[in-house]
Amino acid sequence: MSTTEKLVMDHPMDSLLDLVSEAQVGQGVSRIDGPLKVSGQATYTAEYPMDGLLYGYLVSATIGKGKIKTIHDKTALVVHGVVAVITDFKRFLRNPQQGGVNLAPIQGVKEIAYFGQPIALVVAESYEAARAGAAALKVDYERADDGAFDLIKELKNRKPIDWITDKSEISGDPEESLLTADIKVDRVYITPSQNSAAMELHASVAYWEGHDLIIYSSLQMVASCRASLAHALGLNPKHVRLISRFVGGGFGSKLGISSESVAAAIAAKQLKRPVKVVMTRPQVFESTVRRSNTRQRIGLGADANGKIHTIIHNSIVTNLSGELFFEPTALATHFLYQGKNREVKYEMVRMNQVLAGSMRAPGEAVGLLALECAIDELAELVKIDPIELRKLNEPERDPSKDIPFSSRHLIEALETGANHFGWKMRSSIPANRREGQWLIGMGVASAARSNSLKPSEARVTLTPEIKVIVETDMTDIGTGTYTVLAQITADLLGVPLSVIEVRLGDSDFPPSAGSGGSWGASSSGSSVYLACKKIREQLAAQSNIPIEELDLKDGHISSLNGSKSLKELVTKDIVGIGKIDAGKTSKKYTQASFGAHFAEVAVNAVTGEIRVKRMLGIFTAGRILNEKTARSQCYGGMVFGLGAALMENLQHDSRDGRITNHNLAEYHIPTNADVPDIEVILLPETDRLTNPLHAKGIGELGIAGAGAAIANAVYNATGIRVYDYPITLDKLLDRLPSL
Amino acid sequence: MKLTINQKNYEVNVDIRTSLLDVCREYLELTGSKKGCDHGQCGACTMLVNGRRINSCLTLAIMHDGSEITTIEGIGCPHDLSPLQQAFVTHDAFQCGYCTSGQICSAIGMLDEYRKGWPSHVSETLTDKTPLSPKEVAERMSGNLCRCAAYPNIVAAIIETRPLIIQPINQEEKNSSLMANKSKCDQEFSS
Amino acid sequence: MKAFAYFRAENAVDATKLMNQHHGKYIAGGSNLLDLMKLHLEIPEVLIDISRLPLNDVEETSEGGLKIGAMVLNSELAAHPLVRLRYGVLSRALLAGASGQLRNMATTGGNILQRTRCSYFYAPDSACNKRIKGSGCPALHGLNRMHAILGGSAACIAQHPSDMAVAFMALDAVVVTLCLDGSSRQIPLDDFYRLPGLDPQQETVLQFGELIIHIILPPPPMGIHQYYKVRDRASYAFALVSIASIIDIDDRRIRAIRLAFGGIGTIPWRNKQVEEFLVSAPPCYPIFAQAADILLSGAKGAGENDFKIELTRRLLISTLQKAVSGDHS
């Protein structure tokens with residue numbers, strides 16, 4: 001009997017999870033890795049002790065464009081404790097790789113493409129010596145005088161871009177129909193560059209065993225990162241073992257390998273000792289990944305009743321030369337509202353600025369900051385409630401592709417939220433509610449995030465001692481993967497969580513989809529589901545029970561003929577391997593998670609300070625696998641949205657591309673005090689078209705639309721619409737009530 | 001230099017430039033305290049020094065001989081969590097877990113500050129003791145960034161545990177109760 | 001960070017002797033100095049640890065003021081019963097600064113010497129007149145949203161970041177020092193800071209090796225003590241504009257007033273003309289607006305920070321309006 005169960009999602013399917021009584025899946029199970037994390041015993045990348053460890057400190061370019069003339073090694077080598085200055089102009093990475101790419105990113109660092117580009121590694125016996133050596137290292141540059149640092153100046157050089165992260169769209173005659181629309185909104189929204197700012201710094205520790213590289217690296221996707229690392233170093237992937245057991249946050253910034261991994265590997269090879277390289281916080285800002293800044297034109301045309309017939313979403317985005325990724329701002333615009341005249345297109349401006357790539361909900365996160373504010377503005381012009389406007393424009397099918405949705409409960413989310421939030425208390429007249437010095441307003445926005453399923457594989461082993469070992473190279477970046485995979489296993493094999501050991505983040509395990517794009521739990525969870533299904537079949541066969549009669553519960557196998565303990569039955573390891581891939585259901589149906597955001601803000605009438613008082617998110621994301629961790633993901637996304645709306649802004653100096661706020665004191669992310677009374681409601685939903693779990697992605701849904709609800713609330717409070725994010729107080733000041 | 005960490009004496013011979021955080025992480029295998037910025041801008045490195053919460057990244061180890069230093073490893077171990085750690089698990093007061101050690105150490109220090117009657121930026125008055133509302137906890141914990149934004153759960157975990165931590169007791173007793181788990185954990189880690 | 005020699009001083013005299021001998025830098029809380037040293041913005045060859053000097057008491061003076069040891073932690077100063085009771089503006093300013101952890105590290109003496117957060121100052125490879133005289137000031141035509149609108153020069157517009165010092169300014173604090181020759185000086189805070197002029201490297205009037213040992217506060221001024229800090233997030237952020245105010249209202253008239261500002265000056269900012277004007281005039285909007293005009297008469301934006309002028313104006317007028325109306329929220 002084969003031990004592998006393979007599934008391509010070509011058809012809707014039932015889920016074995018529906019047959020389980022007293023299921024773990026769906027419960028708010030506390031994280032099984034929680035005790036390790038709260039006691040400081042979860043080991044992150046930079047924390048593996050090693051004999052003979054050397055410390056590497058990256059040296060960053062201090063020009064924004066040009067090339068290196070000379071690196072004066074001696075200036076660092078004379079520093080006490082410095083062992084080597086490692087330079088490799090060919091193999092060092094110019095910039096990180098994007099998510100899911102099996103190839104090396106652009107390599108070669110003699111040419112400087114952006115300020116802060118890592119160019120060398122100073123290696124020393126201690127971290128302190130390496131840092132001093134890096135500071136002492138003298139580098140001569142040849143500065144280019146044609147650096148693209150000023151977006152406004154470079155706008156003229158923009159070029160159309162298509163296909164890699166989103167497809168452009170045109171149907172009907174949107175410009176003409178917008179022109180003649182009874183009611184129209186035509187606005188340009190500006191969003192700045194942002195940084196994921198995961199709390200754990202990017203880090204790698206590398207050593208060699210003969211020709212084999214063993215590397216610990218803080219990454220979200222093990223299989224593709226292993227492949228791109230091998231490619232970058234000219235190795236066969238089988239000679240690379242990549243380990244990433246605990247990841248201190250990623251949010252997109254650790255989807256692909258960054259400079260420190262290749263530098264550590266090269267240094268370790270050359271010096272024949274383990275080398276650890278941890279980026280500094282400024283280096284994370286300057287040389288990993290940013291979310292692209294955007295200029296998004298939203299054109300909405302509607303009839304006098306508010307029925308939308310035209311949607312235009314054209315975006316200008318930026319990236320380094322040679323990079324295919326572009327911020328897919330209109331991902332949700334394709335399907336969120338009906339309307340027959342539609343246009344989505346993108347233009348790219350090449351800048352000498354750190355790589356633009358995926359940051360939590362690439363596309364929707366900033367796209368909905370534009371679209372959902374334009375919808376709010378349209379509702380006001382039509383003079384109807386913004387929720388009513390959304391109801392009026394709810395499409396029955398995907399309006400761009402003319403195919404059905406796999407599941408969509410946007411209106412239910414909006415209505416549930418409106419009731420729960422007290423939406424009827426909102427004044428439809430802006431700047432109409434004041435409490436002392438504070439102007440109070442409410443806002444709403446839709447949430448939508450595309451759902452996907454990615455190839456993923458897992459191996460589950462049931463031992464005679466009735467231990468269950470789950471292995472996949474999937475990562476848990478705070479998403480709760482360890483726990484969710486254990487819950488699925490517990491339900492399908494009828495064993496308690498305590499006998500399950502989930503092993504993740506190691507390229508020795510079967511390759512998974514990795515953590516990204518909100519597909520992690522669905523994809524890796526499905527592979528574990530299939531592996532467990534295979535074990536169930538083997539148990540049924542072994543005990544001559546028809547599979548449809550098999551009942552596994554409390555460590556016992558039961559059928560109509562009675563019950564037997566697994567311990568009696570299992571005499572040797574039973575292995576199941578599960579493999580999942582997307583199929584026709586992802587082509588024939590538009591799959592997305594939906595929801596609604598509500599926000600109440602207070603704006604200081606004197607200073608313009610904005611404080612979010614309340615946030616509510618209503619989300620539908622198929623079967624919720626873990627009520628507790630799912631809720632936490634939603635909080636996280638919503639607070640990311642708050643940051644994007646009100647404070648996050650990566651500032652590049654337009655003269656040389658220097659990031660002036662490359663630290664956590666000046667690049668503001670929300671603090672505890674910024675976070676309001678926040679609530680999440682998860683509406684029940686299952687989706688038989690997505691995967692065997694019937695789940696959809698949830699990790700990024702919380703951010704999609706959250707900031708727009710806040711921006712709309714600011715408008716409701718003040719009567720001021722700000723089209724240039726973040727909405728900082730200086731942008732309100734000249735229009736606040738006079739004193 | 002001599003350091004007393006989690007009531008254990010260490011004699012370490014390291015570069016004089018080494019921060020208290022790096023001594024723990026790089027030389028003593030006490031990696032529970034995290035480095036998130038190395039400049040006092042995130043709070044992931046928070047430790048208790050003589051009962052006070054500080055950013056261990058912004059202080060030199062050499063300046064701390066004779067100090068009583070407590071890191072997350074001295075608070076409780078996986079099989080014997082302190083009530084606050086348990087509450088963090090129950091309330092899902094973390095996701096990636098990287099800021100968590102700092103959050104927990106900070107919360108312990110913060111509750112002691114509250115016990116002593118220290119006001120905060122959001123306290124209504126400076127002279128009367130304010131109730132430990134979610135708003136108070138949030139402000140007092142704002143030196144610990146959490147990009148996963150487990151903030152609401154962190155506040156809930158702290159408020160739930162507060163009665164177990166804040167008691168009108170003197171400093172010595174407090175230290176000993178804080179260290180109650182200590183010897184057990186030591187055995188566990190060394191085994 | 002370059003390697004350095006380390007000495008620990010047991011008392012103030014010992015500290016100045018060590019300084020005389022080794023020509024290093026004093027380190028107390030270290031929360032600013034180590035930050036700068038890690039970035040090679042400060043490269044001392046000798047550190048003299050003064051964190052254990054017995055200067056951590058807050059005592060009442062015979063005049064009814066306070067004598068604050070230079071090593072008193074920001075957190076302890078903010079929480080000190082006498083400070084909370086009599087110098088509320090100081091407590092409030094301290095509590096609005098940094099984080100609980102940093103306040104547990106930063107000392108009184110260190111805080112008033114806190115360096116600017118100007119991002120060009122903070123970039124070792126960048127030009128900066130404050131670091132390298134004559135190298136230029138990229139902030140003037142660069143990213144300067146946080147920068148000063150008052151007290152700047154063609155050489156420097158870096159803002160002073162301290163909250164505590166703003167309150168001290170309003171309280172007429174006096175800095176007591178010990179010089180290398182063993183003499184002591186009493187420097188009113190008003191005279192302590194230097195405007196950047198053409199030499200922004202010189203930030204204070206302290207001489208080489210001069211050690212701050214105490215801060216003396218005169219008896220507390222009558223009136224309502226407040227500190228309002230406007231910033232880009234709710235906590236753990238530097239001020240865009242802050243205002244320390246001590247306002248004594250009698251029958252809807254301003255009897256006495258002290259006003260000092262943070263975030264807008266190259267030094268903690270106080271303009272006594274504004275105060276004198278306000279006590280001599282009836283408390284009404286036109287007068288408040290004129291007071292703002294006096295305060296901001298020399299104000300100059302550099303682009304991104306232009307808004308600070310209007311923000312300061314609004315904040316000042318609103319502070320005065322609230323004081324007169326008895327709204328102390």
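Numbers restart at 1 for each chain; the letters A, B, ... are given by sequence-line order, proteins then strands.
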Heavy-atom pair count under 4.5 Å with chain A, highest-scoring of B/I154, B/D38, B/T90: B/T90
The interface call for A/R131 against chain B, heavy-atom contacts under 4.5 Å, is side chain
Between A/F246 and chain B, with a heavy-atom cut-off of 4.5 Å, which part of the residue counts as in contact: side chain, backbone, both or neither? neither
Distance in Å, A/N663 CG paired with B/C42 SG, rounded so as to fall on 0.5 Å steps: 11.0 Å
To the nearest 0.5 Å, what is the distance between CZ (A/F251) and CZ (B/R147)? 7.0 Å
So how far is it from B/L145 CG to A/H668 NE2, rounded to the nearest 0.5 Å? 9.5 Å
Applying side-chain hydrogen bond (donor to acceptor under 3.5 Å, both in side chains), can you list everything that pairs with A/S632, at least two apart in sequence or on another chain? B/D92, B/N153
Polar side-chain atom of A/Y44 near backbone of B/K34 as donor-acceptor pair, under 3.5 Å: no
Between A/A665 and chain B, which part of the residue has a heavy atom less than 4.5 Å away: side chain, backbone, both or neither? both
For chain B, which residues of residues 28-37 of chain A have at least one non-hydrogen atom nearer than 4.5 Å to it? A/S30, A/R31, A/G34, A/P35, A/L36, A/K37
Part of B/E29 lying under 4.5 Å from any heavy atom of chain A: side chain
Please name the pair of heavy atoms, one in A/V38 and one in B/I104, separated by the smallest distance, quoted to 0.1 Å. O-CD1, 3.5 Å
Looking only at heavy atoms, which of residues 10-18 of chain B get nearer than 4.5 Å to chain A? B/D15, B/R17, B/T18
Best-contacting candidate, B/G143, B/A149, B/G36, B/S33, against chain A by heavy atom pairs under 4.5 angstrom: B/G36
If you tally heavy-atom pairs under 4.5 Å between each of B/C37, B/P134, B/G97, B/A150 and chain A, the highest tally belongs to B/G97
Which residues pass the side-chain contact (heavy atoms from CB on, under 4.5 Å) test with B/C99, not counting sequence neighbours? A/M199, B/Q103, B/C146
How many angstroms lie between atom CG of A/L201 and atom OH of B/Y98, to the nearest 0.5 angstrom? 5.5 Å
Name the region of A/I678, side chain, backbone, both or neither, that has any atom closer than 4.5 Å to a heavy atom of chain B. side chain
Between B/I72, B/V122, B/L30, which has the largest tally of heavy atom pairs under 4.5 Å with chain A? B/I72
Honestly, the part of B/K35 sitting under 4.5 Å from a heavy atom of chain A is both
Looking only at A/R281, A/E666, A/R631, most heavy-atom pairs under 4.5 Å shared with chain B are made by A/R281
Name the option with the most non-hydrogen atom pairs under 4.5 Å to chain A; the candidates are B/E26, B/E139, B/H121. B/E26
Do B/R25 and A/V278 pass the side chain to side chain contact (heavy atoms under 4.5 Å, CB included) test, and can you show the C-alpha distance, the side-chain angles, and the key distance before you say yes or no? CA-CA 13 Å; B/R25 283 176 64 81; A/V278 182; over 6 Å; no
When you look at A/S126 and B/Y27, which way does the side chain to side chain contact (heavy atoms under 4.5 Å, CB included) test go after all the steps? CA-CA 10 Å; A/S126 72; B/Y27 299 97; 3.8 Å; yes
If you take all heavy atoms of A/E128 and B/D22, which pair is closest and at what distance? OE2-OD2, 3.8 Å
Part of A/P670 within contact of chain B (heavy atom distance under 4.5 Å): both
Please name the pair of heavy atoms, one in A/G40 and one in B/S101, separated by the smallest distance, quoted to 0.1 Å. CA-OG, 3.7 Å
Okay, B/T31 and chain A: the region with an atom under 4.5 Å from a heavy atom over there is both
Side chains of A/K628 and B/H91: closer than 4.5 Å at any heavy-atom pair? no
Residue A/T629 versus chain B: region with a heavy atom under 4.5 Å: both
Which value, rounded to the nearest 0.5 Å, describes the distance between B/M141 atom CE and A/N672 atom CG? 7.0 Å
Nearest atoms (heavy-atom pairs only) where B/C96 meets A/V247: CB-O, 3.5 Å
Winner by heavy-atom pair count (cut-off under 4.5 Å) against chain B, out of A/E648, A/M638, A/E125: A/E648
One should read off an interatomic distance between A/D677 CG and B/K135 NZ, to the nearest 0.5 angstrom, of 12.5 Å
Taking every heavy-atom pair that is under 4.5 Å apart, which of A/A46, A/P49, A/P676 has the most such pairs with chain B? A/P49
